[in-house]
Trainee: 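Got a structure for you, questions after.
Every heavy atom of this structure was used, including side-chain atoms; hydrogens, water molecules and symmetry mates were not. Ligands are counted one by one from 1 in listed order, and the atoms in each one are counted from 1 as well.
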Amino acid sequence: MFGASGDLAYQQIFPALQQMILRGNLNVPVIGVAKSGWTLEQLRARARESLTQHGGLNEEAFSKLIAQLQYIDGAYEDPATFESLRQALGDAQLPTHYLAIPPSLFGAVVESLGKSRCARNARVIVEKPFGRDLDSARKLNETLHTVFPESAIFRIDHFLGKEAVENLYFFRFYNTFLEPIWNRNYVESVQITMAETFGIKGRGHVYEETGAIRDVVQNHLLQVVALLAMEPPTGLHAEALHDEQAKVFEMIPPIEAANTVRGQFLGYHDEPGVAADSTVETFAAVRLQIDSWRWQGVPFLIRAGKCLPVDATEVLVRLKKPPVGKLIPEGNYFRFRLGPELALSLGAQVKLPGPELVSMPVELSAVRRDRTEGMAAYERLLTDAMRGDAMLFVREDAVEEAWKMVDPVVGQATPLHIYSPGSWGPPEAERLAQDIGGWDNPRAAS
Ligand code: NDP
């Protein structure tokens, strides 16, 4: 685990490792690597603190985890670090290298893994973001392939490990009633909102390098688009699913500047690590189209932002109104709540009780689950990678196609609009949704 002293390890990885031990899915040494000048005892203390803060300590599983934990202190620029790793690996079979490190170091660490022979029969898990644009993603793929075959590369998009996101697949392909209407003839529009109430949590140095489009649109939210729009895969396995994901992306033209609105919350410049004149976006709204038979003419809208009124990730699929449409304010819709809790609901019309012959909206709930149910995304993904199951990871072609889509609108390609914290982003974003009845603002978690 490269990056053992980092924030991701603290927030997500140690809790995932403890859970894997609890389920009997981790019985191999875990070697942490970082350059903090720590001892093994310090890493163990950090793991304890991480579990106390995130998810809770289970003394029995934790004692197993710290017995399996080893630590190598050293910089990634120093060949001696990889020599120590080589020795620590001994004759280990199928080692899995997890790069939970700043993305600028991915390439160098992969090359050193190759040179030091640590990559022999090994797998590599690469954190997001995978590149900064199409060009850098291609170069990173090339570097990875000089050392690892594609089948040994696991590109993380932790959204794909979320129970709620996987549920989209099941809802779509395990229900007969959905298929006849899941197309341009019945679907009017699709919108996806990822709203966060918090800002950048003091991590300006990281966020300044990304911005909302690179941080969540290029990866998480386009993956959701793929699941919503794909054709049925030939089977529930990695290649079949990845083929369909890639096909969806190939059919989405690059996003146009006119279909993009970028925003920045008022006060972003006061965050530590943020440049006084930064034009990095903390909000992005884009509108795209999918040039397939199924989706021709159906607008897909994506919106993501920080310091918005609620914490919620939601998909709203609006269906066209029936012929009595003028009598009802809204038609049917599907609402997929992907976080913080999971819910799949259908918006329908019923008669308003009483003498008047008018309808009223109701929401039928197919499933509603608390956020604590199911496996956490990182546990799921690390367990799968250790088993060599790449289904919930992103294949080379999909990652490059996703960059092709967003490349024209990353960075300063479009104007930046300032918005007030606690609002739904800059009013300019309304323009993108004007002809589809406006954005649907998700409710706060109940
Ligand atoms: P941090 O900056 O918190 O941690 C980086 C880690 O890499 C530290 O352990 C650091 O060691 C180590 N490191 C950095 N440079 C070197 C070097 N030259 N030699 C040896 N070790 C080095 O980053 P995060 O943990 O936040 O992020 C890691 C990855 O995970 C990134 O790709 C990020 O995009 C991704 N990610 C992070 C999320 C999060 O919530 N934090 C969420 C999703 C993805 P030291 O502390 O000793 O400097």
Trainee: May I ask you to identify the nearest protein heavy atom to atom 3 (O) of ligand 1, giving residue, atom name and distance to one decimal place in Å?
Mentor: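 The closest one turns out to be D7 N, 2.9 Å.
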Trainee: Does F393 have R155 sitting over its ring (NZ/CZ under 6.0 Å from centre, angle to axis within 45°)?
Mentor: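 Judged by the rule (NZ or CZ under 6.0 Å from the ring centre, within 45° of its axis), R155 is not positioned above F393.
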Trainee: Identify the protein heavy atom lying closest to atom 47 (O) of ligand 1, giving its residue, its atom name and the separation to 0.1 Å.
Mentor: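 So the nearest neighbour among protein heavy atoms is S36 OG, 2.4 Å.
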Trainee: Identify whether NZ of Lys or CZ of Arg in K162 sits under 6.0 Å from the centre of the six-membered ring of F159 and within 45° of that ring's axis.
Mentor: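 Geometry flag: set, cation within 6.0 Å and 45°.
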Trainee: Describe, in one word, how the ring planes of F334 and F336 are oriented to each other, choosing from parallel (under 30°), tilted (30 to 60°) and perpendicular (over 60°).
Mentor: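 Parallel: the ring planes of F334 and F336 meet at under 30°.
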Trainee: With heavy atoms of P103 as the reference, note each atom of ligand 1 found under 4.0 Å away.
Mentor: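 Counting from 1, the qualifying ligand atoms are 32 (O).
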Trainee: Heavy-atom contact under 4.0 Å between F2 and ligand 1?
Mentor: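 Flag not set, F2 not near ligand 1.
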Trainee: Compute the shortest N/O to N/O distance between A34 and ligand 1 and return yes if it is under 3.5 Å, no if not.
Mentor: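 There is no such contact.
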Trainee: Nearest protein heavy-atom contact for atom 16 (C) of ligand 1: which residue, which atom, what distance?
Mentor: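 Minimum-distance protein heavy atom for atom 16 (C) of ligand 1 reads K35 CE, 3.4 Å.
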Trainee: Of E209, H220, H158, K128, which has the heavy atom at the shortest distance from atom 34 (O) of ligand 1?
Mentor: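 Among E209, H220, H158, K128, the closest heavy atom to atom 34 (O) of ligand 1 comes from K128.
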Trainee: At what distance is the nearest protein heavy atom to atom 25 (O) of ligand 1, and which residue and atom is it?
Mentor: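 Here the nearest protein heavy atom works out to L8 N, 2.8 Å.
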Trainee: Under 4.0 Å from any heavy atom of A100, which atoms of ligand 1 are there?
Mentor: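 Answer, ordered by atom number: 28 (C), 29 (C).
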Trainee: If we ignore hydrogens and angles and just use 3.5 Å, is the side chain of Y207 paired with the main-chain N or O of G199 as donor and acceptor?
Mentor: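 Looks like no, no N/O pair under 3.5 Å.
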Trainee: Does the residue Q11 have a heavy-atom contact with ligand 1, meaning some pair of atoms that are separated by less than 4.0 Å?
Mentor: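 No.
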Trainee: Taking N or O atoms only and a 3.5 Å limit, does A9 qualify as a polar contact for ligand 1?
Mentor: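 No: no nitrogen or oxygen of A9 is under 3.5 Å from one in ligand 1.
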Trainee: Within the structure, does I101 bring an N/O atom to less than 3.5 angstrom of an N/O atom in ligand 1?
Mentor: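 Min N/O separation from ligand 1 is below 3.5 Å for I101.
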Trainee: Can you tell me the protein heavy atom closest to atom 22 (C) of ligand 1 and the distance?
Mentor: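 Closest protein heavy atom to atom 22 (C) of ligand 1: Y76 CE1, 3.2 Å.
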Trainee: Output the list of atoms in ligand 1 that are nearer than 4.0 Å to some heavy atom of G6, sorted by atom number.
Mentor: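 Within the 4.0 Å cut-off of G6, ligand 1 contributes 3 (O), 4 (O), 8 (C), 9 (O), 25 (O).
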Trainee: Which atom pairs, one a donor and one an acceptor, fall under 3.5 Å between side chains of residues 92-108 and the rest of the protein, sequence neighbours left out?
Mentor:
from: Q93; atom 1: NE2; to: D91; atom 2: O; distance (Å): 3.0
from: H97; atom 1: NE2; to: C118; atom 2: O; distance (Å): 2.8
from: Y98; atom 1: OH; to: E127; atom 2: OE2; distance (Å): 2.7

Trainee: Ignoring hydrogens and geometry beyond distance, is a side-chain donor-acceptor pair present between E163 and N167 at under 3.5 Å?
Mentor: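 No.
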Trainee: Does the N or O separation between E77 and ligand 1 drop below 3.5 Å for any pair?
Mentor: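 N/O-N/O distance below 3.5 Å exists for this pair.
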Trainee: Starting from atom 2 (O) of ligand 1, which protein heavy atom do you reach first, and at what distance in Å?
Mentor: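 The closest heavy atom on the protein side is P102 CG, 4.6 Å.
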Trainee: Looking only at protein heavy atoms, identify the closest one to atom 26 (O) of ligand 1 and say how far it is in Å.
Mentor: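 Going by distance alone, atom 26 (O) of ligand 1 is nearest to R203 NH2, 2.6 Å.
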Trainee: Is there a heavy atom of G74 sitting under 4.0 angstrom from any atom of ligand 1?
Mentor: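 Contact present.
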Trainee: With a 3.5 Å cut-off and no angle check, do the side chains of T193 and R303 form a donor-acceptor pair?
Mentor: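 The answer is yes; a qualifying pair exists.
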Trainee: Check the side chains of T81 and D78 for a donor-acceptor pair under 3.5 angstrom, ignoring hydrogens and angles.
Mentor: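 No, no side-chain donor-acceptor pair sits under 3.5 Å.
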Trainee: Among all protein non-hydrogen atoms, which one is nearest to atom 10 (C) of ligand 1, and what is the separation to 0.1 Å?
Mentor: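 Looking at atom 10 (C) of ligand 1, the protein heavy atom closest to it is S5 OG, 3.9 Å.
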Trainee: In terms of ring plane angle, is the pair F82 and F2 parallel, tilted or perpendicular, where the classes change at 30° and 60°?
Mentor: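 Correct class here is parallel.
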Trainee: Would you kindly say whether Y378 and Q19 are connected by a side-chain donor-acceptor distance under 3.5 Å?
Mentor: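 Short answer, no.
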Trainee: Decide if atom CD of E428 counts as having more than 12 heavy atoms of other residues, nucleotides or ligands within a radius under 6.0 Å.
Mentor: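 Correct, the count exceeds 12.
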Trainee: Below 4.0 Å, non-hydrogen atoms only: which portion of L105 touches ligand 1? Side chain, backbone, both or neither.
Mentor: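 Side chain only.
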